[in-house]
Amino acid sequence: MSEQPLIRARGLVKRFGDFTAVDGIDLEVAPGEAFGFLGPNGAGKSSTMRMIGCVSMPTSGELRILGMDPARDGARIRGRLGVCPQLDNLDPDLSVRENLTTYARYFGMSRARARARAEELLDFVQLRDRAASRVEPLSGGMKRRLTIARAMVNDPDLVLLDEPTTGLDPQARHLLWERLFRLRQRGTTLVLTTHYMDEAEQLCDRLVVMDGGRIVAEGSPRSLIGTYCTPEVVELRFPDGVDPAGGLEGIGRVDPLPDRVLLYTGDGDAAVAEVHRRGLVPSSVLVRRSSLEDVFLKLTGRTLVD
Amino acid sequence: MVSAVLAARVSPARVGAVVGRNVGALRSGPAYWLVLASGFFEPVLYLLSIGVGVGALVGELRLADGRVVEYAVFVAPAMLAVSAMSGALSETTFNFFFKMKYAKTFEAILATPVRPLEVALGELAWAMTRSAVYTGAFLVVMVAMGLTRVGWALAVFPAALLVGLAFGAVGMAVSTLMRGWQDFDLVTTGQFALFLFSGTFSPVGDYPPVLRVVVEATPLFHSVELVRGLAAGLPGWGLLGHAGYLLAMTAAGLWVAARRLERALCR
C-alpha cells in the first residue's frame, strides 16, 4: 500500500452565501484507516463529506483525494469511491438486486460483472432472500445495508459513510457495525460521520471532533478521553429544589446540567463517598467510565442533542 | 453544441446506464404502463372527435399549395406533433421532477462518475424513446385511416423525433426551475394553450395578425408546420427553418437542464 494519504486537506473552506459551513480544516487520512467525524448537527460534517465525495467543490483551500484534484478529476475520483449518504436514496422503481446492478453500470461495469458483483454483495449484507423485493417494504436496517452494498459495488478504495446508523434500532445497528468491521478487516479505508459516541468508539481508529465548522480536537477515541476527560464520571441527580453545586466543590470538575450534575474524577467511588460525607443526599447516583460524550461536552460546552 | 459536449467528455456508456435505469423501472409494475397507454390514446381520441367528428361539419380545407383536403387530413399531423410533445413532456416534467426532488435518483447517480450533462442526455434519450413509441403508433393509425401515405409517414417519423427531442430538452429545463407540484399547473396550462393555438385545428393564416405573430414564435407551431408539411407530401426549404428552431430549442434546453442540475445537486 502506498504511503500517500487517501485524503489530504489544507485550510478547507465551504461557504453557502454568508454561511460558513466548513471553516478552514486540515486533515489527512491514511490507507486502511477508519476515520471519523464526530459532531452535532450543523458542525460541518456532511459538507466536508460532500467535498470529499467530489459532489461539492471547496470554496477555498486545498483538497486531494487519492492524490487527485476534485475540480479536475472529479469523475475519476468518484469512480473509486463508495458513498453511503445520510438519507437513503435507493431507487424505489427497482428491485433490491436491480438497485445494485443498475448502480454498477454507472461505474462502467459490464452487465455480467455487475450481476456477479450484485450476488456477492447480496450475501455480504445478508439480503439474498429479499433480492427480488422492491426497496419500499424493506426495514430501515435492510435499506441501510443495501445502501452500503451499493456503495461497495465498484470495489472502492475509500468508503464514505454519512451517519450510517442514525435512526436504526439497536439490533440493526449492531449488525451494521459488524459488517463495517469486516470491511475494515479487509483493509478498506472508511471515513464516517456520526454523532453517536459509542459508534465512534466502536468503529474509528482516529477521529476529529467538529464544532461550528472547525476541528476542535483530534486523536484516537482513547487518547481523546485521556486528554480531555478523567477516567470516571459520577452522575448525580438531586430532588427538585435542591441546588448542590456549591457543596460539591473540590471533589472533581463539576458540570451542572439541567437535570443532573456530572462529576469528573479519577475515582468514582471515592467521589461518591465524599459526597455522602458532606451530607448531600442525591436521589440517584451512577458511576461510569467516561466516554466520548464527556469529551464532547468538555469541548463544546453542551450536550449532544438529536 | 457538439464541441461543448465533447469538452465535457461525455461517456456514451454512462449515458446508456442512465437510460438503462429507466428501462429497469419499466418492470416496476402496471401503473407506469397504464400511464404510457393513456398518453397514446389521448391524441387518437382528439383525432376521432375533432378531426373526424367536427370535420364532418367543417367539410374541406384548402392547403398551402392549393390542394383541397378533408379536415381530418389537416388535423392529423398536428395531433402527431402533439403526441410527440406530450410523450416527451410527461417524461421530462413529472417523472424527471420526481426523480430529482423526491426519489433523489439523480443525487445517487451523481455520486458516481456520471456527470450532470450525462444524466440530462440519458433522461432525454429516454423521453425520446417514449415519444417515438407514441408517434410510431400514431403514424400507423394515420396510414390505416388513409390520412397520409406510407412513404411520407417514413419521412415524418424522424421529424416527430426532433419534436420529441426539443420538447424533452425544454421540459427538463423547466422541471429544474419548478418549486413544487403546484407549478406544474402552469406547465399543464401552457401545454394546453399550445395544443389549441398552434395551427392545430385551424390554419394560422386565419388568426388575427397579433395572435399570429405570437403563435409563430412558439415551439408547437414549428413542430406542426414541420410535421404537416411532410405528412402532406409538401417538402420545402421552409421546413428547414422549423427544424432549425427545434434544434436550437434542444440545445438550449439541454444546456439549462445540465447547469441547473449541477447547481441544485452539486452545491
Side-chain angles (χ1 to χ4, degrees), chain A residues 14-17 21 46-47 49-57 59 70 72-95 97-111 114 132 134-136 147 150-151 153-154 156 160 162, chain B residues 7-33 35-36 91 94-119 121-123 125-126 258-259 261-267:
Chain A
K14 181 71 189 184
R15 284 196 200 94
F16 299 100
S46 292
S47 296
M49 287 292 258
R50 284 171 56 79
M51 286 190 278
I52 296 172
C54 300
V55 287
S56 165
M57 287 300 130
T59 309
R72 276 212 347 264
D73 295 310
R76 267 182 68 200
I77 299 170
R78 290 195 301 272
R80 290 169 57 189
L81 302 183
V83 178
C84 177
Q86 195 172 337
L87 298 172
D88 287 315
N89 55 16
L90 296 164
D91 201 319
D93 294 331
L94 304 176
S95 71
R97 179 184 278 115
E98 285 167 341
N99 258 280
L100 298 176
T101 53
T102 304
Y103 214 68
R105 301 281 291 159
Y106 300 140
F107 290 92
M109 290 164 69
S110 71
R111 277 177 214 286
R134 302 267 123 212
V135 169
E136 195 262 323
T147 307
R150 195 185 65 176
V153 85
N154 56 330
L160 308 177
D162 199 353
Chain B
R9 284 172 295 168
V10 164
S11 144
R14 294 200 288 255
V15 174
V18 175
V19 177
R21 182 256 157 222
N22 290 317
V23 175
L26 275 183
R27 290 192 288 265
S28 66
Y32 193 74
W33 289 93
V35 173
L36 277 183
E91 199 59 55
F94 289 100
N95 289 358
F96 186 91
F97 185 73
F98 182 77
K99 284 185 267 191
M100 184 175 88
K101 268 260 161 66
Y102 294 95
K104 309 272 179 212
T105 312
F106 299 150
E107 180 189 276
I109 294 177
L110 291 174
T112 73
V114 180
R115 297 159 206 269
L117 180 61
E118 291 163 340
V119 170
L121 285 169
E123 289 295 311
W126 177 243
R259 273 192 61 100
L261 261 185
E262 186 157 7
R263 289 265 298 276
L265 298 175
C266 304
R267 295 205 309 136

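Chain identifiers are assigned alphabetically (A, B, ...) following the order of the sequence lines, protein sequences preceding nucleic acid strands; residue numbering begins at 1 within each chain.
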Please find the pair of heavy atoms, one from [X] and one from [Y], that lie closest to each other, and give the distance.
{"X": "A:Gly79", "Y": "B:Pro113", "result": "CA-CG, 3.4 Å"}
{"X": "A:Asn89", "Y": "B:Glu107", "result": "ND2-OE2, 2.9 Å"}
{"X": "A:Lys14", "Y": "B:Arg267", "result": "NZ-C, 3.6 Å"}
{"X": "A:Val55", "Y": "B:Leu110", "result": "CG1-O, 3.4 Å"}
{"X": "B:Leu265", "Y": "A:Arg50", "result": "O-NH2, 3.1 Å"}
{"X": "B:Gly24", "Y": "A:Leu94", "result": "C-CD2, 3.6 Å"}

Could you state the interatomic distance from CE (A:Met57) to CD (B:Glu262), rounded to the nearest 0.5 Å?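 Spacing of CE (A:Met57) from CD (B:Glu262) equals 8.0 Å.
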For the interface with chain A, which of B:Ile109, B:Thr112, B:Thr105 has the highest count of heavy-atom pairs at distances below 4.5 Å?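 Winner by heavy-atom pair count: B:Thr112.
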Could you tell me which of A:Asp91, A:Leu90, A:Val83 has the largest number of non-hydrogen atom pairs under 4.5 Å with chain B?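 Highest number of heavy-atom pairs under 4.5 Å: A:Asp91.
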Highest number of heavy-atom pairs under 4.5 Å with chain B: which of A:Ala104, A:Ala151, A:Ser56, A:Gly74?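 The residue among A:Ala104, A:Ala151, A:Ser56, A:Gly74 with the greatest pair count is A:Ser56.
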Check whether any side-chain heavy atom of B:Arg21 sits under 4.5 Å from a side-chain heavy atom of A:Asp93, and report yes or no.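 Result yes, sub-4.5 Å side-chain heavy-atom pair found.
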Would you say the side-chain atoms of A:Tyr103 pair up with the backbone N or O of B:Ala108, donor to acceptor, closer than 3.5 Å?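 A pair under 3.5 Å: yes.
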Which region of A:Arg150, side chain (C-beta onward) or backbone (N, CA, C, O), has a non-hydrogen atom less than 4.5 Å from a non-hydrogen atom of chain B, or is it both or neither?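 Just its side chain gets close to chain B.
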